[in-house]
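First comes the structure, then the notes that go with it.
Atoms considered below: every heavy atom in the structure, side chains included; atoms not considered: hydrogens, waters and symmetry mates. Predicted model, so just to flag it, every value in this text is computed and none were measured.
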Amino acid sequence: MKTSFILNVAEYIRDAILDHESELESLDRAIGDGDHYINMKRGASAIVEMRAELESLTPDAALNKIGMKLLSTIGGASGPLLASFFMSMGKTLKEKADDGAISYAAAFADGVKAIQQRGKAGLGEKTMLDVLIPVAQQFLTLTASHTNTKEICASLIHTAEQGMLSTKALIATKGRAASLGERAIGHIDPGAKSCQLMIEAVCKQRLLIQD
Amino acid sequence: MKTSFILNVAEYIRDAILDHESELESLDRAIGDGDHYINMKRGASAIVEMRAELESLTPDAALNKIGMKLLSTIGGASGPLLASFFMSMGKTLKEKADDGAISYAAAFADGVKAIQQRGKAGLGEKTMLDVLIPVAQQFLTLTASHTNTKEICASLIHTAEQGMLSTKALIATKGRAASLGERAIGHIDPGAKSCQLMIEAVCKQRLLIQD
Amino acid sequence: MKKFINKIDDVLVESLSGFAAAHHDLVKLNLDPNFLTRQQKSNNKVAIISGGGSGHEPLHAGYIGYGMLDAACPGHVFTSPTPDQMLAAAEAAHADKGILFIVKNYAGDVMNFEMAAEMLPFESATVLTSDDCAVINSTYTTGRRGVAGTVIVEKCVGSLAETGATLQACKTLGDKVNSRTASMGVALTSCTVPAAGRPTFDIDDNELEMGVGIHGEPGRKRETIREADAIIQDVVNAILDALKPAQNSEALLLINGFGATPLMELYLIYNTAAKLLNHHGINITRSLVGNYTTALDMAGASITLCLLDDEIKQHWDSPVHTATLRWGV
Amino acid sequence: MKKFINKIDDVLVESLSGFAAAHHDLVKLNLDPNFLTRQQKSNNKVAIISGGGSGHEPLHAGYIGYGMLDAACPGHVFTSPTPDQMLAAAEAAHADKGILFIVKNYAGDVMNFEMAAEMLPFESATVLTSDDCAVINSTYTTGRRGVAGTVIVEKCVGSLAETGATLQACKTLGDKVNSRTASMGVALTSCTVPAAGRPTFDIDDNELEMGVGIHGEPGRKRETIREADAIIQDVVNAILDALKPAQNSEALLLINGFGATPLMELYLIYNTAAKLLNHHGINITRSLVGNYTTALDMAGASITLCLLDDEIKQHWDSPVHTATLRWGV
Ligand SMILES: Nc1ncnc2c1ncn2[C@@H]1O[C@H](COP(=O)(O)OP(=O)(O)O)[C@@H](O)[C@H]1O
Ligand SMILES: Nc1ncnc2c1ncn2[C@@H]1O[C@H](COP(=O)(O)OP(=O)(O)O)[C@@H](O)[C@H]1O
Ligand SMILES: [Mg+2]
Ligand SMILES: [Mg+2]
Ligand SMILES: [Mg+2]
Ligand SMILES: [Mg+2]
């Protein structure tokens, strides 16, 4: 992975967020406080604006910087969680020898673990983790079995979508929607939606390079 | 005039006010603060409830009591004005020998004068006086020329209506609408409307007795 | 209409009872006739009494207490109180040096207080507040309305009265503060009088009422909504036109919410207004930001500027202990 | 959306600047990262720092000053502030006895303050406020939300800190006050986040949201509007269920407006709530009525009951000098 790939993905993610303004906004209005879109937009835009600063860094250093920037930019629940994800991912990448997809899968999984630690949450609590945990698992499995990039991307896009949709039927036990009880059922979790969008953006960008 | 007539008229007036709720309310909403109907209703209802207390009094004493009750019941601009009217009317009636319509016309005119003194206003200022001053004048003229009751009543109903309608074209220089300038044009003054209703109620009640 | 009410006819008494219960250390409530006095009657001072229609809370009952009012007479919502209330309040508050009525300049308030003053067995004087410069004064009209500037008059006169000053001295100070104070308001939405059950005026989603009165009376004009700075600029200009302050004047700036406008916006207004006034060479040394003279649930705000001198400053700064303003004690 | 704003992105900084200008005697504003501290730094005490999303004004900046907070970190509207703000605020306010963070229990606030605490070069502790009994606590959830009761925690802890008490003592008192406090809110209308430009939730003209959160989060249930007394009864019952106070408990009753509800209605609520509580053998000896923890322009109110003991009473009564609460100095 090159830093330039990360920077391109950042733009792609920012655009994906902007394209889903009304969806993200209404999801958080329904079971949260309505600011998730604004939070994600603020974070994604800040990263895109860092391009010059990040360009010269190694991928792990860039990911760490991105995490720190998100930490001081997003706020809310998603801020420290996404920040922990990127900082942890950067840390693992730095420690591990870069052996391609396998090390990225490991770094991704460590990022997700950091989110779990920070948010004290797991699968089935109607949060972004319902997207991230299955994707991390699938990513590890597929890279371990040396699946090709195209298949990995297609599979992760699918897994993310499944995870995102799975939140619809759940009661929330973490985050703002936890106070809603039964009333949360029938609504997709906003953080799950934005994570699904981000994973889709990364995978699609990766597929473009592939071609 | 008998006290029983006053008491009957009070009910008639109260009903006339209640019947015009939405009209009185919208007039004061348009160029005032929207409470004129409630004020008039509160006053009129209080008088109707005094029946037992007033029954045994002479007409002049009853009018004075009515004025005092209105003073402590209505509030706003219309309260002290209408109170002054009734108290002054009672005073004149008490001082004058009762020679029928002539003394009532004099008492009415003194009541209107009291309003003018209290409110420091005259004709053409877009207030209740645009109804009351012409009616007082006409009442004096017609009683001086010994016109019959039926004609007096018909004429006063007409004069009151003309006065009330005349306020539509005026700019207000007294009362709450005075701050509106040109924007008051096109709206009938709420106090003028309620006075017109009251005069109509008195005259119609008087015509009933006549028959 | 969405409000926390039971029966419409009970709103006033229930609310007054809650106020008196919450502030029983400060105020005492009398019902029928309705008036409030300080819990501890003060002696040997001019009794300062105000009053007016309800719906402007904390005006006036929130200003009863040491250093401000001795009593307040609340009328029905947006309707002047009646003379029997003022007479009873004066009877209860009179402390041997006469009664000063502080009255906002509305036909109804003026006439009801006037009749009370005529019937009063004590010496009395009246300060009429008329700070609302939305109304262009003219010899033909009854003049400007009294709005949020009334709070400043009540504070300063209340302070002077505590020193044992004469009735005439209190009136003179009140008139002076009033003459150095100008206000103008802007409404974004109408208020809803409980008994009416629907908004006093209709206003579109893109409109504002410039110069609105505190009863929802129409103001200078209906305008299309603009960015806050442009609106504030117009209000500040109207105030400067009315007061024509000298360069380097010292002033108190009051940003008053009408009831439904969040503090966040009121402080934003303060920020712009203070900057504009500084730009005009005015030195803002005192401030007050919050809901001090409201119009029920109206969204909107007014700006009040009071030109200070040493005397007014001293009386503004002096100790006060009321439900709403409290400092120095 | 009708608001006094210029550019949406500037609302927060313009409002904070106005606040700092209006209260320059009390507070100092730092921008980027955004935080406010007392104008005069205090020495040799635990520094009490709070913070949270903006839109709840006067929470928290309005409580900076003697006897209460040393600093506050305002986030974007309804969004937790970020760790860099807390670190900078702590750096500025630290006075040799450690930092106590007072944090409302929301996932975002908890995590951001947690990360700040981890990075902090000073000793620190955190009091999590969780007074909102609309949320039925369960081992599976993150627990109750922190709402208006936070003001009482900040007042009491702030008072104790002025005595030079230790970090641990301050945390212990904060936890105690929180455990003896319960709140529940009712919304009549939604709030509108400026950046969203439209109401957070839809609600019919005849509906209310029982147990609403201070960000407009849904509560216990959507109900048909009823007379105030019936609504208040339900809220009071929920609070009594949560606190289970002993007979003859002494309590503080706080009626908090969410931003667009007039004082007249808040006092009416006080009247009914106090009567109901008296009826349950609770002795209301302290009260607070007004907009203390708002939700932008939401119409609605919350009721908070805090069970007093001698220690809490002493710290509630002790002198405080902030933009919002001020007594004894
Ligand atoms: N403890 C947690 N663990 C994982 N994700 C969480 C947790 N709490 C909240 N989230 C996620 O954060 C999202 C909300 O983010 P956002 O709206 O930006 O913050 P806030 O809830 O503070 O307004 C939720 O939809 C959920 O996916
Ligand atoms: N100075 C005055 N002289 C005569 N009538 C007046 C005067 N001021 C006000 N009015 C009358 O009072 C009416 C308003 O009464 P009302 O709405 O009950 O009181 P308020 O204006 O105090 O709300 C006006 O429509 C007008 O007719
Ligand atoms: Mg959110
Ligand atoms: Mg009226
Ligand atoms: Mg009125
Ligand atoms: Mg949020």
Side-chain angles (χ1 to χ4, degrees), chain C residues 2-7 11-12 14-19 21-23 54-55 57-58 62 77 186 188-189 205-206 208 225 227-229 231-232 253 255 259-272 274-275 284 287-291 294 296-297 299 301 321 323 326-329, chain D residues 2-7 11-12 14-19 21-23 54-55 57-58 62 77 186 188-189 205-206 208 225 227-229 231-232 253 255 259-272 274-275 284 287-291 294 296-297 299 301 321 323 326-329:
Chain C
K2 274 182 147 181
K3 291 182 185 290
F4 292 100
I5 55 174
N6 296 300
K7 287 201 233 85
V11 175
L12 184 59
E14 290 178 6
S15 179
L16 288 173
S17 303
F19 178 82
H23 304 291
S54 291
E57 292 70 22
V77 172
V186 179
L188 301 186
T189 69
D205 271 353
N206 68 340
L208 60 83
I225 202 164
E227 57 168 27
D229 284 359
I231 302 169
I232 297 161
L253 176 59
I255 308 297
T261 288
L263 260 185
M264 179 177 246
E265 293 174 47
L266 297 183
Y267 280 117
L268 185 149
I269 295 172
Y270 183 92
N271 190 47
T272 300
K275 272 189 196 150
I284 308 294
S287 67
L288 198 63
V289 182
N291 293 339
T294 60
L296 290 169
D297 54 353
H321 186 175
R326 181 167 176 180
W327 56 72
V329 272
Chain D
K2 275 182 149 182
K3 290 182 186 290
F4 291 101
I5 55 175
N6 296 301
K7 287 200 234 87
V11 175
L12 183 60
E14 289 178 7
S15 179
L16 288 173
S17 303
F19 178 82
H23 304 290
S54 291
E57 293 70 23
V77 172
V186 179
L188 300 187
T189 69
D205 272 353
N206 67 340
L208 60 83
I225 203 164
E227 56 168 28
D229 284 358
I231 302 168
I232 297 161
L253 176 59
I255 308 296
T261 288
L263 260 186
M264 178 177 247
E265 292 174 49
L266 297 182
Y267 279 117
L268 185 149
I269 295 172
Y270 183 92
N271 189 48
T272 300
K275 273 189 196 151
I284 309 294
S287 67
L288 198 64
V289 182
N291 294 339
T294 60
L296 290 170
D297 53 353
H321 186 174
R326 181 166 176 180
W327 56 72
V329 272

Non-hydrogen atoms of chain D under 4.5 Å away: do they reach the side chain of C:Ala299, the backbone, both or neither?
neither
Which one, C:Leu268, C:Val11, C:Leu208, leads in non-hydrogen pairs under 4.5 Å with chain D?
C:Leu268
CG of D:Leu16 to CG of C:Asn271, rounded to nearest 0.5 Å, is 9.5 Å
Scored by heavy-atom pairs under 4.5 Å with chain D, the best of C:Ser287, C:Ala22, C:Pro262 is C:Ala22
Can you measure from OG1 (D:Thr272) to CD (D:Glu227) and round to the nearest 0.5 angstrom?
9.0 Å
Atom group of C:Leu296 that falls short of 4.5 Å from chain D, counting heavy atoms:
both
Please flag which part of C:Asn206 lies under 4.5 Å from any non-hydrogen atom of chain D: side chain, backbone, both or neither.
backbone
For the interface with chain D, which of C:Gly62, C:Gly55, C:Ser17 has the highest count of heavy-atom pairs at distances below 4.5 Å?
C:Ser17
Relative to chain C, which segment of D:Leu188 carries a heavy atom at a distance below 4.5 Å: side chain, backbone, both, or neither?
both
Sort D:Ala21 into side chain, backbone, both or neither according to what part of it lies under 4.5 angstrom from a heavy atom of chain C.
both
Straight-line distance of C:Lys275 NZ to C:Ile284 CD1, nearest 0.5 Å:
13.5 Å
From CD1 (C:Ile231) to CD1 (C:Ile269), nearest 0.5 Å:
8.0 Å
Using modelled atom types and a 3.5 Å cut-off, is there a donor and acceptor pairing between side-chain atoms of D:Asn6 and backbone atoms of C:Ala228?
yes
Heavy atoms only, distances under 4.5 angstrom: which of C:Asp205, C:Val77, C:Thr294 has the most pairs with chain D? Name it, please.
C:Asp205
Are the aromatic ring centres of C:Tyr270 and D:His23 under 6.0 angstrom apart?
no
In terms of heavy-atom proximity below 4.5 Å to chain D, should C:Val329 be classed as side chain, backbone, both, or neither?
backbone
Run the side-chain contact (heavy atoms from CB on, under 4.5 Å) check on C:Ile255 and D:Phe4 step by step: do they pass?
CA-CA 13 Å; C:Ile255 308 297; D:Phe4 291 101; over 6 Å; no
